[in-house]
Amino acid sequence: FGLKGCQKIRGPQIRSLLEAKDFFLFDCDGVLWHGEQAISGAAQVVSTLIRRGKNVVFVTNNSTRPRENYVHKFCRLGFTDVMLEQIFSSSYCSALYLRDVVKVRGQVFVIGCDGLRTELQDAGVPCVEEAADEPDATIYDCALAPDVKAVLVGYDDKMTFLKLAKASCYLRDPQCLFLATDNDPWHPLSSGRILPGSGSLTAALEVASGRKVTVIGKPSRFMFECISSQFRGVDPAQCLMVGDRLETDMLFGSNCGLDTMLTLTGVSQIEEAQEYRNSELTTNHSFVPDYVVDTIADFLPAFEE
Ligand code: PLP
Ligand code: CA
């Protein structure tokens, strides 16, 4: 009682929050859609905010698609007025990090999907070719590229022991950076099953290399730095971060000084948020959302006159 955060809001409170903020950051899966199924009302919320002159951007830890491909997904699911410039994915931000922050000289060894490689290539970051030419290579005799300056781990549904072994070898060199697009542990599937996330692959490589990974996606601040540098003059106090996972989205908002909102259409439940709020451990308070709604469709009545 009397603790800050987890405020369940509705009608008039949502209306005044939407009026007070001018910059909205939306997580994608669990907030706008579940896989290929749009969440009812979400597209209308996004287009209304945009039409009313609000800034809207999307921050996703999903590294599997290049941004262009995301534009098509938004369109396909009914979000018809979303543009490339509004999309900040962990693969795009990883490419910016390698190109602009570390200015990597040499090649990047990528564990990830083709979409991640495409995003790096679009940014002019050279990647080690996948060894299609040596299908029978083993960890004992496979070729290692001589100039690998970073290992980047993303979601990879074709992860192999050979990739793990190569990456561990590259990471023996202390000059070789160890990066991950995101550290998500798992993702829910609509069937009720789960999908192991890139965090599970990174964990294996952390053990094998004895090193700690640097995360680019949420909850790291870097994604917000990418947004700030492309939308000049973003004031954190004017922003609302909307997400469904406490350990990534809410922590990301807290790390960047943004107000946060949990929607209950995804991974985290309100009970978990309340547990973090009631915890004696103050570091747990960074996971606590300022506001909670059942779904972002709850914004719709607030738009009515
Ligand atoms: N990475 C992968 C491979 C995913 O499938 C998902 C969600 O489906 C995510 C990350 C999380 O995406 P978001 O940050 O949009 O919730
Ligand atoms: Ca999500």
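We count ligands from 1, going down the list as the structure has it; atoms in each ligand are counted the same way. Nothing fancy with the numbering, it's 1 onward along the sequence.
Among all non-hydrogen protein atoms, the one lying nearest atom 9 (C) of ligand 1 is His187 CE1, 3.1 Å. When hydrogens are left out, the protein atom nearest atom 8 (O) of ligand 1 is Asp29 CG, 3.3 Å; that is the closest non-hydrogen contact. Of the protein's heavy atoms, Asn62 ND2, 3.5 Å lies nearest to atom 5 (O) of ligand 1.
Of all atoms in ligand 1, numbered sequentially from 1 with element shown, those under 4.0 Å from a heavy atom of Asp27 are 13 (P), 14 (O), 15 (O), 16 (O). Atoms of ligand 1 found under 4.0 Å from any heavy atom of Cys28 (numbered from 1 in listed order, with element): 15 (O). Here is the list of ligand 1 atoms found below 4.0 Å of a heavy atom in Thr60: 12 (O), 13 (P), 14 (O), 15 (O).
Of the heavy atoms in Asp184, only side-chain atoms (C-beta onward) come closer than 4.0 Å to ligand 1.
The O atom of Asp29 and the OD1 atom of Asp27 meet at the Ca ion (ligand 2) at an angle of about 110°, given to 10°.
The pair Arg245-Asp27 fails the salt-bridge criterion, with no side-chain N (NZ, NE, NH1 or NH2) lying under 4.0 Å from an Asp/Glu carboxylate O. We find that Glu206 and Lys212 are joined by a salt bridge, their nearest charged nitrogen and carboxylate oxygen being less than 4.0 Å apart. Under a 4.0 Å N-O distance rule, the pair Arg76/Glu36 qualifies as a salt bridge. A salt bridge is absent between Lys218 and Asp182: the closest approach of a Lys/Arg side-chain nitrogen to an acidic carboxylate oxygen does not fall below 4.0 angstrom. The pair Asp81-Arg51 does not count as a salt bridge, with every side-chain nitrogen at least 4.0 angstrom from each carboxylate oxygen.
Taking a 4.0 Å cut-off on heavy atoms, Lys218 registers as neighbouring ligand 1.
Residue Asp244 has no N or O atom closer than 3.5 Å to an N or O atom of ligand 1. The shortest N/O to N/O separation between Tyr155 and ligand 1 does not fall below 3.5 Å. Polar contact with ligand 1: absent for Asp182 (N/O pair, distance under 3.5 Å). Residue Thr64 has no nitrogen or oxygen atom sitting less than 3.5 Å from a nitrogen or oxygen atom of ligand 1, judged on distance alone.
For Asp114, the CG atom sits in a loose shell: 12 or fewer heavy atoms of surrounding residues, nucleotides or ligands are nearer than 6.0 Å. Atom CD of Glu68 sits in a sparse spot, with 12 or fewer heavy atoms from other residues, nucleotides or ligands closer than 6.0 Å. Within a 6.0 Å sphere centred on CD of Glu272, other residues, nucleotides and ligands contribute more than 12 heavy atoms.
Of all N, O or S atoms in Asp244, the one lying closest to the Ca ion (ligand 2) is OD1.
Distance check for Asp249 against the Ca ion (ligand 2): none of its N/O/S atoms falls below 3.0 Å.
Every pair passing side-chain hydrogen bond (donor to acceptor under 3.5 Å, both in side chains) that includes a residue from residues 286-303 is listed here, sequence neighbours excluded: Lys4-Asp290, Lys8-Asp294, Thr260-Asp290.
For the 3.5 Å distance criterion, the side chains of Gln107 and Tyr170 fail to qualify, holding no donor opposite an acceptor.
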